[in-house]
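All figures in this text were calculated on a predicted structure; none of them were measured in a lab.
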Amino acid sequence: MKRVNFDPQLEKRKTEIMQQFNADNGPVQPSSQPSGQPTDTPVDTDDLPAATENELAERVVEALKTVYDPEIPVNIYDLGLIYKVDINDAFADIDMTLTAPGCPVAATFPGMVERTVALVPGIKGAAVELVWDPPWTPALISEAARLELGLI
């Protein structure tokens, strides 16, 4: 039996992102209220210190590592679903794939990824393109994820 670590803060954040995704209101800034519910205030990145494109790319990758494939207990970055992360003028351009073209979340998952990335401090917007070339294979899974899945 595979044991998966449970992180309550991560799960709370994922719930906030999914609520935002379902409401279709765009990125919001998490409330400073104890309730933890998001507000309707858009994230204001103008007050943040300027970050280099490399720093923003690192932040985006960390955000991508909080998004998990719904069928495999591995984040989408380590699963090898992210093919490209480009940052230009604080805008994230991401190419991603899915494990199979018939994946049941193909219509909604890229939007959830886009919203997660748009919440990264310093990022002004994000676009996620779903690509199928090259096709995903298990060879794209990171070594750490292979170890976690018991593949090596």
Side-chain angles (χ1 to χ4, degrees), residues 1-24 26-31 36-38 43 45 48-152:
M1 175 192 254
K2 175 80 177 125
R3 197 173 81 192
V4 177
N5 292 333
F6 179 77
D7 182 343
Q9 290 178 334
L10 177 61
E11 293 303 315
K12 180 180 175 185
R13 184 70 184 122
K14 283 189 206 176
T15 300
E16 290 174 354
I17 291 168
M18 286 307 299
Q19 287 172 345
Q20 172 192 345
F21 177 75
N22 291 332
D24 198 31
V28 295
Q29 185 169 347
S31 171
Q37 295 299 315
V43 174
T45 58
L48 295 173
T52 67
E53 289 181 351
N54 285 342
E55 290 169 333
L56 289 175
E58 288 175 13
R59 291 179 192 173
V60 167
V61 167
E62 288 307 309
L64 291 169
K65 288 182 177 183
T66 68
V67 180
Y68 282 74
D69 182 280
E71 297 174 331
I72 304 170
V74 174
N75 71 70
I76 62 172
Y77 190 82
D78 287 330
L79 195 53
L81 299 181
I82 303 300
Y83 287 167
K84 177 185 82 172
V85 175
D86 283 342
I87 308 295
N88 290 312
D89 296 325
F91 187 84
D93 183 28
I94 297 168
D95 285 355
M96 72 171 289
T97 194
L98 299 173
T99 54
C103 183
V105 296
T108 57
F109 206 53
M112 187 181 81
V113 171
E114 191 171 280
R115 290 177 186 274
T116 299
V117 171
L119 291 170
V120 171
I123 293 294
K124 294 182 179 177
V128 174
E129 184 175 349
L130 192 57
V131 298
W132 301 108
D133 189 31
W136 180 85
T137 68
L140 296 172
I141 301 173
S142 73
E143 188 174 332
R146 287 174 197 247
L147 186 60
E148 186 177 332
L149 291 169
L151 299 176
I152 53 174

Given side chains that start at C-beta, do those of Val128 and Val117 come closer than 4.5 Å, heavy atoms only?
-> no

Between Ala126 and Ala118, which heavy-atom pair has the shortest distance, and what is it?
-> CB-N, 4.1 Å

Nearest heavy atoms of Pro121 and Leu56, plus distance in Å = O-CD2, 3.8 Å

Which pairs would a plain distance check flag for residues 130-143, meaning a side-chain donor or acceptor within less than 3.5 Å of a matching protein atom at least two apart in sequence or in another chain?
unit_1	atom_1	unit_2	atom_2	d
Trp136	NE1	Leu79	O	2.9
Thr137	OG1	Ala139	N	3.4
Ser142	OG	Ala145	N	3.1

For the student: nearest non-hydrogen atoms of Pro110 and Val105, plus distance = CD-O, 4.0 Å

For Asp93, what residues pass the side-chain hydrogen bond (donor to acceptor under 3.5 Å, both in side chains) criterion, not counting sequence neighbours?
-> Lys84

What one should report as the nearest heavy-atom pair of Asn88 and Glu53 is CA-OE2, 3.6 Å

Taking every non-hydrogen atom, the tightest pair across Leu98 and Ala106 | CD1-CA, 3.4 Å

Indicate yes or no for a side-chain donor-acceptor contact from Asp89 to the backbone of Phe91 under 3.5 Å, with no hydrogens or angles considered.
-> no

Run through Ile82, Ile76, Asp78 and flag the one making a side chain to side chain contact (heavy atoms under 4.5 Å, CB included) with Lys65.
-> Asp78

Approximate separation, where rounding is to 0.5 Å, of Glu55 CD and Ile87 CD1 = 11.5 Å

Heavy-atom check, side chain of Leu81 versus side chain of Thr99, under 4.5 Å = yes

Between Pro104 and Glu71, which heavy-atom pair has the shortest distance, and what is it?
-> CG-OE2, 3.9 Å

With the side chain counted from C-beta on, respond yes when Val113 and Leu64 share a heavy-atom pair under 4.5 Å apart, and no when they do not.
-> yes

